[in-house]
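What you are looking at is a predicted structure, and each value in this text was computed from that prediction instead of being measured. Chain letters run A, B, ... following the sequence lines, proteins first and then strands; every chain starts at 1.
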There are 2 protein chains.
Amino acid sequence: MVNEASPSEDNAETPPDGAAKVIAYVRRRLLAGELKLGDKLPAERELCGLLGISRPSLREGLRALSVLGLLDVQQGRGAFIGRADISVIGDALVFTLAQESNAVEDVLQARIAIEAQAIRIACRVATDQHLAAINEKLEHFVDSLNDPERGGAADHAFHLALVEASQSSTLITMYRAIEPLLLRSHVERRRLAAPDPDVTSYLVQAHKDVFVALVNGDPEEADRRIREHFEISARLRRSRFLKSI
Amino acid sequence: MVNEASPSEDNAETPPDGAAKVIAYVRRRLLAGELKLGDKLPAERELCGLLGISRPSLREGLRALSVLGLLDVQQGRGAFIGRADISVIGDALVFTLAQESNAVEDVLQARIAIEAQAIRIACRVATDQHLAAINEKLEHFVDSLNDPERGGAADHAFHLALVEASQSSTLITMYRAIEPLLLRSHVERRRLAAPDPDVTSYLVQAHKDVFVALVNGDPEEADRRIREHFEISARLRRSRFLKSI
DNA sequence: TTTTTACCAGCGGTCTGACCAGTTGCAGGC
DNA sequence: GCCTGCAACTGGTCAGACCGCTGGTAAAAA
């Protein structure tokens, strides 16, 4: 097996246990392009010999990869490379992290990173179709301001459409990893905040400003507007605590 | 909530295998509120008896839950619900991104997104230790400019230290997820190949400017400097093709 | 009396070897 | 040529044994 990649953590560290060895093995070969969608892994009895671990330990690792969608394990046939599904883990995050407000704030920082960069790129590459989709999402957003569930979903859809307009698969994937948490956060926020006409019109205007900057194709201005929008949102989130005192 | 079977099928059907029995058991009890974040599961020897399956089968199921971050399994102590942090998405993200046909430029856009946001945050939260570490990495970078291998690694270490100075788990996790993608394309090593004194001093100055802005604690300036640095790098990468014609 | 050390039970991590169930390919019979 | 049965290969599971880690308790030392 050729290992021409320069040292990364993956290679520098011994996996902590047997199952992690399998995961590291598959990861390495995937990154090296040696494994592609549909490829079959060596049989379990062979692979556990190759990796120097027992078959039950190997199976633990395979199960982990299976639950991520990366492996499709079929009895009597073998284990095949599938398409990893990041939303599986995103959904689990809703359960584990949604009540951890520090963690959610941290995830929102990643959101800002992604959206700010995405909108910069979108200013250059967005098609008419992308712009039409965003405009439509903006209208849905305006139409659902009084309904936390629909409003949260519409707000999220607007933002997702912005990221998609970047046509950057890496940014989109990263966004999808945290998407369930973001959606949950949108909806929760609306539930907890009583609608206030001033706040509402502020938010609508902020969304419009973002869209206008994108349509005008000015990356710096678009970046500034999206950050401004997030800053307003963050201020509104924090001011909620003042009201309850 | 995630499972290998869809939510409605889960209650209607016997799980297809032993590991799925555990997943269904944990899932059911979570949804019923009988298990909460931090709760401990029965010991493996007890639980496999309860579920009527063997311990290796049980461990497969526990591993699946663990990789999703829904379980925190600790040797000698037991298996606890939740307690995961965002870094649990790391492997899944690597797998997903590895399977996409990302152009290097696309991955670099994600890198810019993360570093720009990270350095903004770092301006606010970086400790003296972080700054010292970055400074040290900068010196290593300057000292290794004549060696593409070590220079690439030192450059990377500098950037990683910047991201770490943000103390944002999410950004750090995402950065680590794109690391292998960048490394497999040897993008940093290529850029530093065939050093030219003018180019070199340009690069060194760009790195220093980034660090100075961070030390000065000016988020906008730091963001601008890091983007500038990437722009210079991009230009150098592209100019390499002219030389070879 | 308090602190330190050693021991042990219970915990997860792993292995071996045997057996069960599903899939596939090939040979033989019709 | 088609069908059937069998063997080999595949994953799924089990039982029992052992290893390493953790935390609590009892005993020894200060």
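- A heavy atom closer than 4.0 Å to some atom of DNA chain C occurs in Q75(A), G76(A), R77(A), these being the qualifying members of residues 70-81 of chain A.
- At whole-Å resolution of the value, CG in D17(A) and C1' in dG12(C) are 11 Å apart.
- Atoms NZ (K21(B)) and C1' (dC14(D)) sit 13 Å apart, rounded to a whole Å.
- Residues satisfying the ring-ring contact (aromatic ring centres under 6.0 Å, His included) test with F211(B), not counting sequence neighbours, are none.
- A search for side-chain hydrogen bond (donor to acceptor under 3.5 Å, both in side chains) contacts involving E149(A) returns R191(A), not counting sequence neighbours.
- Legend: residues meeting side-chain hydrogen bond (donor to acceptor under 3.5 Å, both in side chains) with E46(B), ordered by chain and number and at least two apart, are absent.
- A heavy-atom distance below 4.0 Å to DNA chain C is reached by these residues of residues 40-57 of chain B, ordered by number: A43(B), E44(B), R45(B), R55(B).
- In this structure, L58(A) places its CG atom 14 Å from P of dT13(D), rounding to the nearest Å.
- Summarising the geometry, the separation between CZ on R59(A) and C1' on dG13(C) is reported as 17 Å, rounded to the nearest angstrom.
- Taking the charged nitrogens against the carboxylate oxygens, R111(A) and E115(A) do have a contact shorter than 4.0 Å, which makes a salt bridge.
- Rounded to whole Å, the distance from CD on E60(B) to P on dC15(C) is 14 Å.
- H156(A) meets the ring-ring contact (aromatic ring centres under 6.0 Å, His included) test with H186(A); sequence neighbours excluded.
- Residues passing the side-chain contact (heavy atoms from CB on, under 4.5 Å) test with A234(A), sequence neighbours excluded: R237(A), R238(A).
- The side-chain hydrogen bond (donor to acceptor under 3.5 Å, both in side chains) check on E100(A) picks up nothing, with sequence neighbours excluded.
- In this view, A165(B) and A122(B), A126(B), H130(B), I134(B) satisfy the side-chain contact (heavy atoms from CB on, under 4.5 Å) rule, not counting sequence neighbours.
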